[in-house]
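Scope of the values below: all heavy atoms of this structure, side chains included, with no hydrogens, waters or symmetry mates.
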Amino acid sequence: MTPQVDVFIPIYGVERFIEKCLQSVLAQDYENMRVVLIDDASPDQSMALARQVIEKDNPLQHKVEIVSCPINCGLGATRKIAHSMIAGKYTLFLDSDDYWDNEHLVSEWIAVAEKGNYEVVLSNYCHEYPLQEKSIPREVVPRLTGKEVAYAILRGTEAGYLCNKLFLSDKLKQYSHLVKTGRNFWEDVVVTIPLLYNAEKVGYYPKVT
């Protein structure tokens, strides 16, 4: 059986983006995928639109769970909730104003991780600028060790994002204590930098997520 991957998506004020985001996730052909939406008391129609997508655009009937915060708590809190719910062998984070560009992405990403027995697999990614109607692909530079990746993030020559990284969950959970409610800026790098610095095996998925 294929290993389970958990996909965590925080939601707040993203009614312009959530349909495309969620459709791109539910279209994935990887069968053993659990999708967790964390509603941070979004004040708009984000969750209503998300429920419509779950009902109408889930061809593989992926498992979808919704966690609702009673009040808006911020990104740090939603990340903390996500860490507390990790159950699969692998973990992915996708912000709700982002999306995946092909239905084979998760399958191929996990195949790389399984083949190399990697603790983290980094992918290329793309910056989109809707107002300028342009997209700029960003290529991750392959490096020999996780330490080199961590140093590159600190130098600003590599992104510390969560969204272009597939994590081995057991490794990721070692750094869950660094995720704090109220830490809403740079909450990604406080995890990615120490995790990568101490990672023994880092792999690369060459396609754009």
Under 3.5 Å, side chain of Asp188 to main-chain N/O of Val191, donor-acceptor pair present? no

Do Thr192 and Lys165 have side chains that approach each other closer than 4.5 Å (heavy atoms only, starting at C-beta)? yes

Say you draw a straight line from CG of Leu94 to OH of Tyr161; how long is it, rounded to the nearest 0.5 Å? 13.5 Å

What heavy-atom pair brings Met1 and Asn32 nearest, and what distance separates the two atoms? CE-ND2, 3.6 Å

Checking side-chain polar atoms at under 3.5 Å, does Tyr90 have a donor or acceptor matched by the opposite partner on Glu114? yes

Min side-chain heavy-atom separation Lys63-Met33 under 4.5 Å: no

Provide the closest heavy-atom pair for Ala50 versus Ile18 in the form atom of the first, atom of the second, distance. CB-CG1, 4.1 Å

Counting N and O atoms only, with roles assigned by atom type, does the side chain of Thr91 sit under 3.5 Å from a partner on the main chain of Asp6, one being a donor and the other an acceptor? no

Value for CG (Leu105) from OG (Ser107), rounded to nearest 0.5 Å, stands at 9.0 Å

Interatomic distance, OG@Ser68 vs CE@Met47, rounded to 0.5 Å, equals 6.0 Å

Closest non-hydrogen atoms of Lys89 and Pro3, given as atom of the first, atom of the second and distance, are CD-CB, 3.7 Å

Considering non-hydrogen atoms only, spot the tightest contact between Ser169 and Gly88 and give its length. OG-O, 2.8 Å

Can you tell if the side chain of Ile110 reaches within under 4.5 Å of the side chain of Val106, non-hydrogen atoms only? yes

same_hphob_cluster(Leu196, Val141) at 4.5 Å side-chain heavy-atom cutoff: no

Backbone of Asp44 reached by a side-chain donor or acceptor of Glu15 within 3.5 Å: no

For the student: nearest non-hydrogen atoms of Ile9 and Leu22, plus distance: CD1-CD1, 4.3 Å

Under the side chain to side chain donor-acceptor pair (under 3.5 Å) rule, collect the residues that match up with Lys207, sequence neighbours excluded. Glu108

Atom pair SG/OH of Cys73 and Tyr12 - distance to nearest 0.5 Å: 11.0 Å

Glu119 side-chain N/O to Lys201 backbone N/O, donor-acceptor pair under 3.5 Å: yes

Could you walk me through whether Arg143 and Glu148 pass the salt bridge (Lys or Arg N to Asp or Glu O under 4.0 Å) check? CA-CA 6 Å; Arg143 293 179 170 85; Glu148 291 176 299; over 6 Å; no

Any Arg51 side-chain heavy atom under 4.5 Å of Ile66 side chain: yes

Taking Leu162 as the starting point, is it possible to reach Val179 by hopping between hydrophobic residues whose side chains are less than 4.5 Å apart? yes

State plainly whether one hydrophobic cluster holds both Ile81 and Leu75, where clusters connect Ile, Leu, Val, Met, Phe, Trp and Tyr through side-chain heavy atoms under 4.5 angstrom apart. no

Sub-4.5 Å side-chain heavy-atom contact between Phe17 and Asp98: no

Side-chain donor-acceptor pair present, Ser123, Asn164, cut-off under 3.5 Å: no

Quick one: does Glu19's side chain have a donor or acceptor within less than 3.5 Å of a partner on Arg16's backbone? no

Side-chain touch Val67/Met85, heavy atoms, less than 4.5 angstrom: yes

Any donor and acceptor pair, going by atom type alone, linking the side chain of His104 with main-chain N or O of Tyr30 inside 3.5 Å? no

Can you tell me how the ring of Trp109 sits relative to the ring of Trp100, calling it parallel under 30°, perpendicular over 60° and tilted otherwise? perpendicular

Are Tyr204 and Leu144 linked, directly or through other ILVMFWY residues, by side chains that come within less than 4.5 angstrom of each other? no

Exam field: side chain Asp40 to backbone Ile11, donor-acceptor pair closer than 3.5 Å: no

Would you compute the distance between atom CG of Leu26 and atom NZ of Lys56 and round it to the nearest 0.5 angstrom? 14.0 Å

Answer yes or no: is there a side-chain heavy-atom contact under 4.5 Å between Val189 and Ile153? yes

Which value, rounded to the nearest 0.5 Å, describes the distance between Ser42 atom OG and Asn72 atom CG? 8.5 Å

In short, Leu178 meets Arg183 closest at the heavy-atom pair O-NH1, 2.6 Å

Salt bridge or not between Arg79 and Glu187? Use side-chain N to carboxylate O under 4.0 Å. yes

Less than 3.5 Å apart, any donor N or O on the side chain of Asn124 or Glu139 sitting next to an acceptor on the other? no

So, applying side chain to side chain contact (heavy atoms under 4.5 Å, CB included) with Phe8, which one of Ile86, Leu37, Val35 is it? Ile86

Do Asp97 and Cys21 come close enough that some side-chain heavy atom pair is under 4.5 Å? no

Spell out, yes or no, whether Val36 and Tyr99 are grouped together once hydrophobic residues are joined by side-chain heavy atoms under 4.5 Å, including indirect joins. no

